[in-house]
Amino acid sequence: MTEGFSQAVYRIVSSIPAGRVATYGMVAELAGRPRAARMVGGVLHHNPEPGIIPCHRVVFRDGSVAPGFAFGGPGRQQALLEREGVRFIEGNDRNAGAPGPRVDLNACLWDGRTDATHSQG
DNA sequence: CATCTGACCTCAT
DNA sequence: AATGAGGCCAGAT
């Protein structure tokens, strides 16, 4: 399968189970570019197959998400993830990082091993 | 061909 | 702990 970088990204991102989130750096590494996290975002931006690629399950290393213009609307990703069962941390108190809503990476961070087909029990 | 930008991450202060 | 700057790879001008 001479899969290119993008192909790998699509497969990996699409392999993220529901209720779980992965970081760009993680996907980039699994794709073969541990330093091309930016590329991952660029690839997802193309999103040649909307709906098939759960790009909304990809978040920053801090747990924050895209500025907003992504996914077609601000808070779009946040809503989608909640639908999946992902918990958010709006407690912009001392959790540090970005003031905006973040994902609970402590509970929803994808291990990168669990396959969507098995969906651990 | 050269230059700038970008859905990011990591190092240094 | 928080802030600033650099690097990575590819696409666009």
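In this text the structure is predicted, and so the values were computed from the model without any measurement. Here is how names work: the chains are called A, B, and so on, in the same order as the sequence lines, proteins then strands, and each is numbered from 1.
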*Asks:* Does A/Leu80 share a hydrophobic cluster with A/Phe60, counting links as ILVMFWY side-chain heavy atoms below 4.5 Å and allowing steps through other members?
*Replies:*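 They do not share one cluster, since no chain of ILVMFWY contacts under 4.5 Å joins A/Leu80 to A/Phe60.
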*Asks:* Rounded to whole Å, how long is the line connecting atom CD of A/Gln7 with atom P of C/dA10?
*Replies:* 15 Å
*Asks:* Distance check needed: B/dC11 P versus A/Arg61 CZ, whole Å only.
*Replies:*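 A/Arg61 atom CZ is separated from B/dC11 atom P by 11 Å.
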*Asks:* To the nearest Å, give me how far apart CG (A/Leu44) and C1' (C/dA10) are.
*Replies:* 14 Å
*Asks:* Quick one: A/Gln78 CD to B/dA7 C1', roughly how many Å, whole number?
*Replies:*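 Distance, rounded to whole Å: 17 Å.
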*Asks:* Should A/Arg102 and A/Phe88 count as side-chain neighbours, where that means a heavy-atom distance under 4.5 Å?
*Replies:* no
*Asks:* Which whole number of Å gives the distance between the P atom of C/dG6 and that of B/dC4?
*Replies:* 14 Å
*Asks:* Could you state the OH-P distance from A/Tyr10 to B/dA7, rounded to the nearest angstrom?
*Replies:* 16 Å
*Asks:* Of all residues at least two apart in sequence or in a different chain, which pass the side-chain hydrogen bond (donor to acceptor under 3.5 Å, both in side chains) check with A/Glu29?
*Replies:* none
*Asks:* If you only use heavy atoms from C-beta on, which nucleotide in B/dC8, C/dC8, C/dC9 is closest to the side chain of A/Met39?
*Replies:* C/dC9
*Asks:* Measure from the side-chain heavy atoms of A/Arg33 and tell me the nearest of B/dT10, C/dG7, C/dC9.
*Replies:* C/dC9
*Asks:* When all nucleic acid strands are considered with a 4.0 Å heavy-atom cut-off, which category describes A/Gly42: base, sugar-phosphate, or nothing?
*Replies:*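 No contact.
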*Asks:* Using the P atom in both, what is the distance from B/dT5 to C/dA5, to the nearest Å?
*Replies:*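 The answer is 16 Å between these two P atoms.
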*Asks:* For A/Ser64 versus A/Val59, what's the shortest heavy-atom pair and its separation?
*Replies:* O-CB, 3.5 Å
*Asks:* Measure CD/A/Glu29 against P/B/dC8 and give the value in whole Å, please.
*Replies:* 18 Å
*Asks:* Take the protein atom CE of A/Met26 and the nucleotide atom C1' of B/dT10, then report the distance between them rounded to whole Å.
*Replies:* 16 Å
*Asks:* Are the side chain of A/Gln77 and the backbone N or O of A/His56 linked by a donor-acceptor pair below 3.5 Å?
*Replies:* yes
*Asks:* Go through B/dC9, B/dA7, C/dC8 for me and flag the one nearest to the A/Arg38 side chain.
*Replies:*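 The listed nucleotide nearest to A/Arg38's side chain is C/dC8.
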*Asks:* Rounded to whole Å, how long is the line connecting atom CG of A/Leu80 with atom P of B/dA7?
*Replies:* 19 Å
